Amino acid sequence: PLAPAGTGKTETVKDLGKAIAMYVIVFNCSDGLDYKSLGRMFSGLCQQGAWSCFDEFNRIDIEVLSVVAQQILQILSAVKENAH
């Protein structure tokens with residue numbers, strides 16, 4: 001979600017997950033995260049079937065976000081393929 005800081009975005013995602021019995025893992029992002037670390041996080045999330053909330057996602061370097069976009073695309077492709 002896109003909204004100003006302190007408006008309850010993270011808490012809303014956590015509450016929604018709780019309401020539908022979905023495990024939500026919150027990651028606090030920083031400019032120190034690299035694509036390998038995020039890839040390991042995505043791998044764990046996929047294996048567990050959990051939701052995630054990436055707080056301060058805008059702090060991640062643009063070069064890393066480019067690779068992350070490809071990682072997410074691969075995950076979505078795999079999910080779509082398994083749905084058929």
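Computed from a predicted model, the values in this text were never measured in an experiment.
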Give a yes or no on whether Gln48 atom CD has more than 12 heavy-atom contacts from other residues, nucleotides or ligands under 6.0 Å away. no

Nearest 0.5 angstrom please: Leu33 CG to Phe54 CZ, how far? 8.5 Å

So that I know where these two stand, are Phe42 and Phe27 an aromatic pair - ring centroids less than 6.0 Å apart? no

May I ask you to test the Glu63-Val67 pair for a side-chain heavy-atom distance under 4.5 Å? no

I want to check something: taking the side chain as every heavy atom from C-beta on, are Leu16 and Thr12 in contact at a cut-off of under 4.5 Å? no

Count the heavy atoms of every other residue, nucleotide or ligand shown that sit under 6.0 Å from OH of Tyr23, and state whether that count exceeds 12. no

Roughly how far apart are Lys14 NZ and Thr10 OG1, rounded to 0.5 Å? 7.5 Å

Quick check against the 3.5 Å criterion: does Asp61 have a side-chain atom that pairs as donor or acceptor with the backbone of Val64? no

Less than 3.5 Å apart, any donor N or O on the side chain of Gln47 or Ser43 sitting next to an acceptor on the other? yes

Just how far is it from atom CG of Leu38 to atom CG of Leu65, taken to the nearest 0.5 Å? 8.5 Å

SG/Cys29 to CD/Glu56 distance, rounded to the nearest 0.5 angstrom? 8.0 Å

Whether the Asp34 and Ser37 side chains hold a donor-acceptor pair (N or O, under 3.5 Å, no angle test) is what I'd like checked. yes

